[in-house]
Amino acid sequence: MSLLLQVDESLKPFNSFGVDVRASLYAEARSDDDVHEALQCSQQHNLPLLVIGGGSNLLLTKDVPALVLRMATRGIRVVEDDGQRVVVEAEAGEVWHAFVLWTLEQGLSGLENLSLIPGTVGAAPVQNIGAYGVEIKDVFAGLTALDRQSGAIRDFTLAECDFGYRDSVFKQQPGRWVILRVRFALSRAASLHLEYGPVRQRLSEQGIEQPTATDVSRAISSIRSEKLPDPTVLGNAGSFFKNPLVSAALAAELKLAHPGMIGYPQADGRVKLAAGWLIEAAGWKGFREADAGVHRLQSLVLVNYGSATGLQLLALARRIQEDIEQRFAVQLEMEPNLY
Ligand code: FAD
Ligand code: NAP
C-alpha cells in the first residue's frame, strides 16, 4: 500500500480557476499500482473516483464527494524508430508542455503547434487538444487505459478513440477510463502547419523564412504568452466555450447582418464561427461581476479575479450562452468539464 490519502483536502491548488472547493479524499498516483489501489479504495469507501491531471480544464462548482486522484506518473521513452518516424510514449502525469519541449530537443516534430497548452499528457486525448490547426489525433499512435468497470487494461487505436473537435470516447464516457500512457508518432523531417495567420506573421516579424519545428514552438509560445492570462496569476481554464459549428445558411445570414463576423468553412459543409468574436460583439469583453469575469483581451476566456465560486462562474457562462442564443441563434457549448 503506497497511496497516501488526504482527507477533506482543498482542491484550490489543483484547478487552474483557483476555485476553493474540497475533496472528501485526495491522493496522487505515481504508478499503475497506485491507480489500482485508488480504485479499490474508492470502492471500499463507497466514493466515486475522479481522476485529474493539471486541473486546467475543470470547473468545480461544489465540494467534490469523491476520491480525487491526481495523475503524477512520470516517464518518457522511444518505443519505435525507423530513422524517420519515431513513436514516443509518455506517462499520463507528464506535464504536457515539458513533454513537447523534450520531443523538440530530440529533433522530433509533430507537437510544436500544441506548445504551451497547460495540463498533462494523460488528459490530452480527453478533449483531443488542439491549437493552431493541429490536434493530437493528427499524431496519435495509441494509448493504454484502465477500464474502471472491468479493472482490465487495454490499448486504444486511433479509430477506437473516436476523436472529434475537442471530443473523444473518453469525454463521451466520463469516469469510465483512466488513461495511463499515450503514444505519439513524430517525425525527424519537419512537416510544419503554418495555416494560422498569427503564426506566419510572428515568424515573419522575427525574420525567419525557413522555420524549424522549434521556431514554430517558440513563435506560438510567445503569441500565447501575450494573448492568454497565466492561470498562476489570474484563474482561468482557457477557452470556456467551443467554437460553434453552424449551417452554411445560418452563417450566411449572420454574415449579412454582421459583415465583420469570422467564419471558417468546414469539409462537411458547415461553418465554424469564432465564439470569441460572438461574445465580444455582444459586449461581454472585460465584463466583471464580483470576482467572475470575461477576460479584457480574450472574450473566450472566463476569469476568476480571486474569490469567485464555481457557481458564480457557471452563472456568468449561462448568461453569456443565453445572450448569444438570443442575438445570433447560436448555441455555445461549454468546453471545461463540470463537477
Ligand atoms: P484536467 O483539467 O485535470 O482534466 C480534464 C478532464 O480530463 C477531466 O474530465 C478529467 O477527469 C479528465 N482526465 C484528466 N486526466 C485523465 C486521465 N489520465 N485519464 C482519464 N481522464 C483524465 N485546450 C486545448 O485543447 N487547446 C488549447 O490551446 C488550450 N489552451 C489552454 C490555455 C489555458 C491558459 C488553459 C488554462 C487551458 C487551455 N486548454 C487548451 C485546456 C486544457 O489545458 C486542456 O484541455 C488540457 O488537456 C487539460 O489537461 P489537465 O491535465 O489540466 O486536465
Ligand atoms: P485566433 O487566432 O484569435 O482565432 C480565432 C478562432 O478562429 C480560433 O479559435 C480558431 O479556431 C479559428 N481560426 C483562426 N485561424 C484559422 C484558420 N486558419 N483555419 C481555421 N480556423 C481558424 O484564436 P486564439 O483564441 O488566439 O487561439 C489560437 C489557437 O489556440 C486556436 O487554435 C485555439 O483553439 C487555441 N486555444 C485553445 C484554448 C482552449 O482552451 N481550448 C485556449 C487558447 C487557445 P480553433 O479554435 O478551432 O483553432
Side-chain angles (χ1 to χ4, degrees), residues 1-75 90-96 118-127 143-154 168-182 231-232 235-237 304 306-314 334-339:
M1 300 289 268
S2 63
L3 201 66
L4 185 64
L5 285 176
Q6 317 273 2
V7 180
D8 190 30
E9 180 78 359
S10 169
L11 294 177
K12 190 171 174 166
F14 306 119
N15 74 96
S16 63
F17 260 127
V19 165
D20 196 4
V21 296
R22 307 188 83 79
S24 308
L25 288 176
Y26 171 86
E28 297 185 351
R30 300 189 186 280
S31 66
D32 287 6
D33 284 349
D34 284 352
V35 177
H36 284 287
E37 201 181 318
L39 192 55
Q40 282 169 4
C41 194
S42 72
Q43 285 157 357
Q44 280 159 9
H45 285 83
N46 206 16
L47 281 175
L49 181 71
L50 172 59
V51 175
I52 63 168
S56 63
N57 209 15
L58 301 179
L59 180 59
L60 303 172
T61 57
K62 55 184 180 318
D63 287 343
V64 184
L67 192 174
V68 173
L69 183 70
R70 189 173 77 81
M71 294 301 286
T73 48
R74 290 283 187 274
E91 296 296 314
E94 285 287 342
V95 173
W96 175 259
T120 54
V121 166
V126 175
Q127 73 157 12
L143 65 76
T144 303
L146 169 73
D147 182 352
R148 288 162 49 177
Q149 278 176 11
S150 67
I153 287 190
R154 64 162 275 197
S168 73
V169 69
F170 312 105
K171 192 151 185 178
Q172 292 151 20
Q173 301 177 356
R176 169 138 187 210
W177 304 100
V178 183
I179 297 169
L180 299 172
R181 51 194 66 87
V182 189
T232 61
N236 75 91
N304 176 6
S307 59
T309 64
L311 283 176
Q312 285 171 327
L313 289 159
L314 182 61
M334 291 184 207
E335 187 178 293
N337 301 273
L338 204 64
Y339 295 99

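All of these numbers come straight from a predicted model, not from anything done at the bench.
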Next item on the list: Evaluate side-chain contact (heavy atoms from CB on, under 4.5 Å) for Glu94 paired with Val182, printing each intermediate quantity in order.
Entry: CA-CA 10 Å; Glu94 285 287 342; Val182 189; over 6 Å; no
Notebook entry, point to check: Going by distance alone, is a donor N or O of one side chain under 3.5 Å from an acceptor N or O of the other, for Ser10 and Asp20?
Noted result: yes
Measuring from [X]:[atom1] to [Y]:[atom2], what's the distance to the nearest 0.5 Å?
X: Leu59; Y: Glu335; atom1: CG; atom2: CD; value: 12.5 Å
X: Leu50; Y: Leu25; atom1: CG; atom2: CG; value: 12.0 Å
X: Leu146; Y: Leu49; atom1: CG; atom2: CG; value: 9.0 Å
X: Glu28; Y: Asp34; atom1: CD; atom2: CG; value: 10.0 Å
X: Asp32; Y: Thr73; atom1: CG; atom2: OG1; value: 7.5 Å
X: Asn236; Y: Asn304; atom1: CG; atom2: CG; value: 9.5 Å

Where [X] and [Y] come nearest, the two heavy atoms and their spacing:
X: Ala72; Y: Arg30; answer: CB-NH1, 3.7 Å
X: Leu5; Y: Cys41; answer: CD1-SG, 3.4 Å
X: Pro125; Y: Phe170; answer: O-CD1, 4.1 Å
X: Lys171; Y: Pro174; answer: O-CD, 3.4 Å
X: Ile153; Y: Leu180; answer: CD1-CD1, 3.8 Å
X: Pro48; Y: Pro65; answer: CD-O, 3.2 Å

So do [Y] and [X] actually touch side chain to side chain, heavy atoms under 4.5 Å?
X: Ser2; Y: Glu37; answer: yes
X: Glu9; Y: Val68; answer: no
X: Val19; Y: Leu11; answer: no
X: Lys62; Y: Thr309; answer: no
X: Val35; Y: Met71; answer: yes

Item checked: Sidechain N-carboxylate O distance under 4.0 Å for Arg154, Asp147 -> no
Checklist line | Salt bridge flag under 4.0 Å for residues Asp63 and Arg22 | finding: no
Under a 3.5 Å distance rule, please check whether [X] uses its side chain to pair with a backbone N or O of [Y] as donor and acceptor.
X: Thr120; Y: Val95; answer: no
X: Thr61; Y: Gly310; answer: no
X: Asn46; Y: Ser42; answer: no

Next item on the list: For Leu58 and Tyr339, run side-chain contact (heavy atoms from CB on, under 4.5 Å): C-alpha distance rounded to whole Å, both residues' side-chain angles, the deciding distance at 0.1 Å, then the answer.
Entry: CA-CA 7 Å; Leu58 301 179; Tyr339 295 99; 3.7 Å; yes
Check: Which of parallel (below 30°), tilted (30 to 60°) and perpendicular (above 60°) describes Phe14 and Tyr26?
Finding: parallel
Item checked: Intermediate values then yes/no, salt bridge (charged side-chain N to carboxylate O under 4.0 Å, His left out), Glu91 and Arg74 -> CA-CA 5 Å; Glu91 296 296 314; Arg74 290 283 187 274; over 6 Å; no
